[in-house]
Amino acid sequence: MRVSQILLATVREIPAEAETLSHQLMLRAGMIRKLAAGIYTWLPLGLRVLRKVETIVREEMTRAGAQEVLMPAIQPAELWQESGRWDQYGPELLRLKDRHQRDFCFGPTHEEVITDLVRREIKSYRQLPANFYQIQMKFRDEIRPRFGVMRAREFLMKDAYSFHLDDASLKETYEVMHAAYSRIFERVGLEFRPVAADTGTIGGAVSHEFHVLADSGEDAIAICNKCDYAANIELAQALPPLGKRPAPGRPMQTVDTPNQRTIEEVSRYLEIDPTQTAKTLLVKGVGGAIALVLRGDHELNEVKAAKLPQVAKPLIFLTPGEIELAAGCEVGSIGLVGLKIPVVADESAARLADFVCGANVNGKHYLNANWGRDAAEPAVADIRKVVEGDPCPAGNCTGTLTIRRGIEVGHIFQLGTKYSEAMRATVLDESGKAVVMPMGCYGIGVSRVVAAAIEQNHDDAGIIWPDAVAPFHLALVPIGYHKSARVKEVTDKLYAELVRHGLDVLMDDRDERPGVIFADMDLIGIPHRLVIGDKGLAKEAVEYKGRRDKQLTDIPLADVVARMRGLIPL
RNA sequence: CGGGGCGUAGCGCAGCCUGGUAGCGCACCACCUUGGGGUGGUGGUGGUCGGAGGUUCAAAUCCUCUCGCCCCGACCA
């Protein structure tokens, strides 16, 4: 492609609306333009990248034995009513009516449609397992679309759904898809981790998320430094501390802690390590308020806490007024001693002895409080977030956990029979009996992968595409294309030859100053660059520079095509 | 949805407080200049000041309503 033939819509200034680097760079490089909140047009340059990701996904889905279909974006309400999600889904589901006032929605996902298809078309266990996928625009009316295509309302997703005779078959396909996902993100050229995940609202038993590691990621994930354990921080298990709780040493006493509310303030004021303090959080329980106790330096894991049988769903913290009523004080002085409500302590908090906690009187704390002596023995559970340095919870691993940030680009589930049961999707087994098919579902945010690739690969000058998804492999930059006959002749010839060898080449034939061209090619992230100028041609050479290189390399004109073919994997 | 902020040329912004002919930089067009990291110059094109209503001789500016967008908290690929 010649630059004169493509809409190269680069801009110098950073649009005010863009906060994250990938969003800024996608706008500046002219990859996308916003049409409305969370709704974007993909310009030619951006679309080339999107298509390359799609191609990799298709190839790996085919390799994994999945078949491509294309389902409607608009779906009838009946199907959603049948699965029960028409009422469950809430305002994130974009609902519409046709001219006959019939209800439809714009599909945020396709479990219902595929289950409907499969129950009609698949009758026999001999047709199983079956795995269908599509690559399609989804719409989810997110409360707060953000970060450009990273969290858009309309986004491109690859979704796959597998159907099985039994759970063993489901697990088998799940493993194949797990491996396929790893291959996809490897091929795109991303640093990523599959992590054990909470199944959340979609349901099912087993689930993994695929995270691209990036400091700007919205999710925290815990990774072991020795084994391959990795889990979303929502799920990561905190092991109970080793050893037994020490016996109470000193008598409990009340101290004044005027205006000291947070654990930080209180421990600094009392000159006590936060690990020797306990903090008490009050939430709604199934029959009234309930207290959750954590070691001062730990944070509540709300997902774990919400799973406690004593806790009301969803997890809701008491309001200041309700706290006053339950504990008799303000937030900063709540303590576990003398509470009249059930207490659940985290493992680490339950191991404390002679600790500091609030006295349920404003501006007062207790020193040397002890479980069993000053307060009843609490119910004990794992309700905290793991922290950097926690021991790895994988069996007999001696490693410790590191916390990293990640961007969720894929999520796979063993769904089980949630949808096939509700929609009565059955096949006849060997004995002629109807069996409800267990299902798996597997998603990749294709458009999000593009943004994630940028978050992981950029510098001050712009994007640095991995070869596999670059809109063009190679930038051909003539110096004086419109002035020097020799430069033009060599450039045109090189261009034709490189293209003939299958490389995606962007040749900048604009009558622009070299600085402008270099800046644009760097910004849009073309990973390889050849400069053709009279200076080099005098030596029968052109200059090569990789996007990450500091130095230029002269390449003899005669070797250029072979060198580039060797350098760029196709 | 709750809290904060912003809507003035394609982009980035000033002007608003204290009402009086709508500005700057970039981009774009023309000509000249320059030609290996966003050259320099001259001249131009482009705006119902988000929309509606009100106050006023007069509204980008003051008031009311409304729409849109951005940022901080509960969801997901």
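Here is how names work: the chains are called A, B, and so on, in the same order as the sequence lines, proteins then strands, and each is numbered from 1.
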Chemist: Report yes if some heavy atom in the side chain of A/Ile114 is under 4.5 Å from a heavy atom in the side chain of A/Tyr419; otherwise report no.
Modeler: no

Chemist: Between the protein and nucleotides 29-34 of chain B, list the N/O to N/O atom pairs that are separated by less than 3.5 angstrom.
Modeler:
unit_1	atom_1	unit_2	atom_2	d
B/U34	O2'	A/Arg513	NH1	3.3
B/U34	O2	A/Arg513	NH1	2.6

Chemist: A/Ala37 near the nucleic acid: base, sugar-phosphate alone, or nothing, with a heavy-atom cut-off under 4.0 Å?
Modeler: sugar-phosphate

Chemist: Tabulate below the donor-acceptor pairs under 3.5 Å that side-chain atoms of residues 519-526 of chain A make, not counting sequence neighbours, or state none.
Modeler:
unit_1	atom_1	unit_2	atom_2	d
A/Asp520	OD1	A/Thr10	OG1	2.9
A/Asp520	OD2	A/Arg510	NH1	3.1
A/Asp520	OD2	A/Arg510	NH2	3.0

Chemist: Counting side-chain heavy atoms from C-beta on, which of B/G37, B/C71, B/A77 comes nearest to A/Arg146?
Modeler: B/C71

Chemist: Mapping A/Ser447 and A/Lys535 onto RNA chain B by nearest heavy atom, which one lands closer to the 5' end?
Modeler: A/Lys535

Chemist: Side chains of A/His528 and A/Tyr544: any donor to acceptor distance under 3.5 Å?
Modeler: yes

Chemist: Can you identify which nucleotide, out of B/G37, B/C69, B/A77, has its nearest atom closest to the A/Arg529 side chain?
Modeler: B/G37

Chemist: Only distances under 3.5 Å count here; give the side-chain donor-acceptor pairs of residues 185-193 of chain A to other protein atoms, sequence neighbours excluded, each with its distance to 0.1 Å.
Modeler:
unit_1	atom_1	unit_2	atom_2	d
A/Arg187	NH1	A/Glu59	OE1	3.0
A/Arg187	NH1	A/Glu60	OE2	2.8
A/Arg187	NH2	A/Glu59	OE1	2.6

Chemist: If you check the A/Lys545 side chain, which of B/C1, B/G37, B/C76 turns out closest?
Modeler: B/G37

Chemist: From C-beta outward on A/His411, which listed nucleotide comes closest to its side chain: B/C76, B/C71, B/A77?
Modeler: B/A77

Chemist: Using a heavy-atom cut-off of under 4.0 Å over every strand shown, decide if A/Val531 touches base, sugar-phosphate, or nothing.
Modeler: base

Chemist: Within the structure provided, determine whether A/Phe163 and A/Thr173 are in side-chain contact (heavy-atom separation under 4.5 Å).
Modeler: no

Chemist: Any salt bridge (charged side-chain N to carboxylate O under 4.0 Å, His left out) involving residues 29-58 of chain A? Give me the pairs, sequence neighbours left out, ordered by first then second residue.
Modeler: A/Glu17-A/Lys34, A/Arg48-A/Asp504, A/Arg51-A/Glu54, A/Lys52-A/Asp504, A/Glu54-A/Arg58, A/Arg58-A/Glu68

Chemist: Touch check for A/Gly480, heavy atoms < 4.0 angstrom, all strands: base, sugar-phosphate only, or nothing?
Modeler: nothing

Chemist: Below 6.0 angstrom between ring centroids: does that apply to A/His208 and A/His411?
Modeler: no

Chemist: For A/Asp141, which contact category applies under a 4.0 Å heavy-atom criterion: base, sugar-phosphate, or nothing?
Modeler: nothing

Chemist: Quick check: on RNA chain B, is the nucleotide nearest A/Arg144 upstream (toward 5') of the one nearest A/Arg153, or the reverse? Name the residue that is more 5'.
Modeler: A/Arg153

Chemist: Can you tell me which nucleotide in B/A27, B/A77, B/G35 comes closest to the side chain of A/Asp511?
Modeler: B/G35

Chemist: Tell me whether the OP1 or OP2 atom of B/C70 has a side-chain N or O from A/Lys34 closer than 4.0 Å.
Modeler: yes

Chemist: Is there a side-chain contact between A/Ile323 and A/Glu330 (heavy atoms, below 4.5 Å)?
Modeler: no

Chemist: For the side chain of A/Arg12, counting heavy atoms from C-beta on, which of B/A77, B/A27, B/C75 is nearest?
Modeler: B/A27

Chemist: Look at all strands and tell whether A/Glu209 reaches a base, only sugar-phosphate, or nothing, counting heavy atoms closer than 4.0 Å.
Modeler: nothing

Chemist: Does B/A77 have a Watson-Crick or wobble partner in any strand here, with both distances under 3.5 angstrom, and which is it?
Modeler: none

Chemist: Name all residues meeting the side chain to side chain contact (heavy atoms under 4.5 Å, CB included) criterion together with A/Glu302; count only those two or more places apart in sequence or in a different chain, and write none if there are none.
Modeler: A/Leu300, A/Leu315, A/Phe317

Chemist: State the pairing partner of B/U64; accept Watson-Crick or G-U wobble contacts with both distances under 3.5 Å, and report none otherwise.
Modeler: B/A52

Chemist: Base, sugar-phosphate, or nothing for A/Asp522, non-hydrogen atoms under 4.0 angstrom?
Modeler: base

Chemist: Which parts of nucleotides 8-15 of chain B does protein reach within less than 4.0 Å, heavy atoms only, written one letter per nucleotide 5' to 3' as B for base, S for sugar-phosphate only and - for none?
Modeler: ---BSS--

Chemist: Which is true for A/Glu142 with a 4.0 Å heavy-atom rule: it touches a base, it touches only sugar-phosphate, or it touches nothing?
Modeler: base

